[in-house]
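Here's the structure, in C-alpha cells; my notes come after.
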Amino acid sequence: MSEETTAPARTVGSSPHISSKATCTGIMLWVVAALAPSAIWAVATMGMVAVQLFAVSIVAALGTEWAWNAIARKPQTLRDGSALVTGVLLAMSLPPRTPWWMVAIGAFIAIALGKLIFGGLGHNLFNPALVGRAFVTLSWGGVLAGVQNRGWFATLADFSAEGFDTISGATRLGIAASDRAASGAYGFDLAAQYQPLLLKNLEGSLGEVSAALLILGGLVLIIKGIIDWRIPAGYIGTMGLVSWAFGSDPIFHVLAGGVLLGAFFMATDYVSSPMSKKGRLVYGIGCGLFNALGRFVGPMPESTTFAILFMNGLAPLIDRMTRPRVFGVVKTDEERA
Amino acid sequence: MSSVSQLALLFVGAALINNILLTRFIGLCPFFGVSSNMETSIGMSLSVIFVMVMSSTATWVVWEFVLAPLGVGEFLYIPAFILIIASLVQFVEMYLRKASPVLYRAMGIYLPLITTNCAVLATATEAAKPGFFKMNLAITNSAGALSLGEALVYTLGVSVGFGFALVTFAALRERLELAPVSRLMKGAPIAFITAGLLSLAYVGMSGWFGL
C-alpha cells in the first residue's frame, strides 16, 4: 500500500464509544448470587434432597453444554455462566423429590433443545430452564404431582398403581383451586398463609421455599440494574389485580406458587424478553394475565411455566409493535403505509 | 340460542385454546411455507380469514338446504365441500382481480394456495356438518349442529387464531434468521423445533374454561 494519508489529530475508533464493565459472566453470577439465599435456605430446611436436586440439575446442564460443544468442535462456552443459571433455575422450579433422572433429562432438554440448537446463548427464543421444566411437567406431570411427600424410587410404582387421578399436588395453591372449583369459597384462611409462604414453605417446588428471599434477590437485581423493573412489576401487578377481580386474595396469589421465581428470575431473561421499555411492560402484563387466567379458569393449579413460554413466543412480535420512533428521519411511503 | 358470553367463549376457544395450528396441527403447510417472511404471513392470514368465513357460510347453507334434505350428506360431504370451496374461491379471486386490485394485491396470490387447504376444509366441515364440532360448549342443537351465526363466530375464531399463530411464528423466525444455527438445522428443521416449543406454551391453555 502506498496510499498516503495525513494522520488525524485525534483518532476516533468505531462504535461503541461507551464501554461498561458488565460482562455476560458477571451478570450471570449476579443472578446466581441473587438466587443463593433461597437456594441455601432450601438446602437448610430440606437437607440432602435439595442438595441432590441442585447437584443433578447443575451437573447435567453443564455436562450437556460441554458435550455439545465438544462434539460440535466449538469453543467451550461454560464460562459465560448461563448454563449454571439454567441448572439452578431448573432445580428451583421442580419439586424437591423429583426423581434424579427426570431432573437430568430436563436439564439436557433445557440446554440442548432450549438453547444450543438455536446457536447458543443470545439466540434462544424461549427461556431454556422453562423449556426443560415444561418438558418434564408434560411428560411426567402425574409423577411430579405425587412426588412431594414420598421417596423417589417408590414414586413411579405408586403412580402406575393409582393411575392418572390428579394433576395437582396437595399444595396450598392446589387445595385453593379445588376448594374454589367445589364450592366457590376457600376452606382455609388465605391471609393466614402469608407468613409460612414468606418464610418457610416446604411444599411445591424447591424455589418456593421462601417468598421473602426471592423478593430480596429480585430487588437486588433491580437495584443493580441487571433486570428491568417493568417485567416483574407488570407481572406481579397484573397477577394481583386479576386475582382480586376474581374475588380472591391478591397477596396470597402472588406469594404462592411460581409467580415470584418466574417474575424476577425467568421472565426477565434478556434473550427471550422484549427489548423496548414499553414492550417489557406489555410482556410482564401478558405473563401476569396468562398466569392468573391459568389459575382461575384452567384445570391446573399453576401455569407460570406456560405463561412465560407463551409470552416468550410473543416477544419478537411485541418488539416489532413497540419499536421506538426514530427521530429526525422522514418516513418513506412504504413505512407510512 | 346462545348468549353473548357463550359466543365469546366459542371465539376464544376456537382462536387460542384449541388453536388450529399449534394445538390441533391442521394446516401446517402454509404455517411453515409462508412464515419465513412477515409480509407474506400477514397476507396469508388475511386470506385465510376471508376464505374460511366465506367457505363455512357456503358449506353451511349447502348442508342445510341441499345435502341434508336429500339425505346424501353422509357420503357426499367431502367431495361436495371441496368442490364448493374451490370453485367459490376461484370465482372470488377472478372477481377481486377485476373489482378491487388493491385487495387482490394484498391477498390475491394466496387465495389459490389455500383453496384446497386442509384447515379450510376442516373448519368448514366442523361449522356445517352436525357432529363434527367437538368443543365442550353446550350450544349445538340435538343433532350436534351449529346455527349459522355460531358457525360464523366459530370460523372467525379459528381463522383469527390461525393468523395470530402464523404472525407470531413469523416474528420468531425472523429472529432466527440471524442466529448461528448449525448447517444441519438451518431452515425447516429449526422451524419445526420452534413450532414444537411454541406449541408447548399453548398446551398451558388446554382445558381453560373447560374447553
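Since the structure is predicted, the reported quantities are computational estimates derived from the model, not experimental observations. Note on naming: letters A, B, ... go to the chains in the order of the sequence lines (proteins, then strands), and numbering restarts at 1 for each one.
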With no hydrogens and no angle check, is any side-chain donor or acceptor of Ser57(A) less than 3.5 Å from a backbone partner on Val103(A)?
no
To the nearest 0.5 Å, what is the distance between CG (Asp228(A)) and CG (Leu281(A))?
9.0 Å
Spacing of CZ belonging to Phe162(B) relative to CD1 belonging to Ile20(B), to within rounding of 0.5 Å
7.5 Å
Using a 4.5 Å cut-off on heavy atoms from C-beta on, say whether the side chain of [Y] contacts that of [X].
X         : Y         : value
Val259(A) : Tyr235(A) : yes
Ile105(A) : Phe135(A) : yes
Val85(A)  : Phe265(A) : no

Please find the pair of heavy atoms, one from Pro274(A) and one from Ile318(A), that lie closest to each other, and give the distance.
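Here Pro274(A) and Ile318(A) meet closest at CG-CG2, 4.1 Å.
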If you take all heavy atoms of Phe32(B) and Ala195(B), which pair is closest and at what distance?
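Scanning both residues completely, I find the closest heavy atoms to be CZ-CB, 3.7 Å.
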Residue among [options] with most heavy-atom pairs under 4.5 Å to chain A:
options                                   : result
Ile190(B), Leu198(B), Ile17(B), Leu172(B) : Leu172(B)
Ala179(B), Pro180(B), Gly210(B)           : Pro180(B)
Pro189(B), Ala201(B), Gly196(B)           : Ala201(B)

For residues Phe290(A) and Phe306(A), establish whether the separation of their ring centroids is below 6.0 Å.
no
Could you check whether His253(A) and Phe296(A) have their ring centres less than 6.0 Å apart?
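They qualify: ring centres under 6.0 Å apart.
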Counting heavy-atom pairs under 4.5 angstrom with chain B, the leader among Val297(A), Leu293(A), Leu309(A) is Val297(A)
Using non-hydrogen atoms only, which part of [X] is less than 4.5 Å away from chain B: side chain, backbone, both, or neither?
X         : answer
Leu113(A) : both
Ile117(A) : both
Phe118(A) : both

Using non-hydrogen atoms and a 4.5 Å limit, figure out which bit of Phe164(B) sits close to chain A: side chain, backbone, both or neither.
side chain
Please classify the contact between Leu184(B) and chain A as side chain, backbone, both or neither, with a heavy-atom cut-off of under 4.5 Å.
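Neither part, no heavy atoms under 4.5 Å.
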Pairs of donor and acceptor atoms under 3.5 Å between chain A and chain B, please, with atom names and distances.
from, atom 1, to, atom 2, distance (Å)
Val297(A), O, Phe209(B), N, 2.9
Asp319(A), OD2, Arg175(B), NH2, 2.9
Arg320(A), NH1, Glu174(B), OE1, 2.6
Arg320(A), NH1, Glu174(B), OE2, 3.4

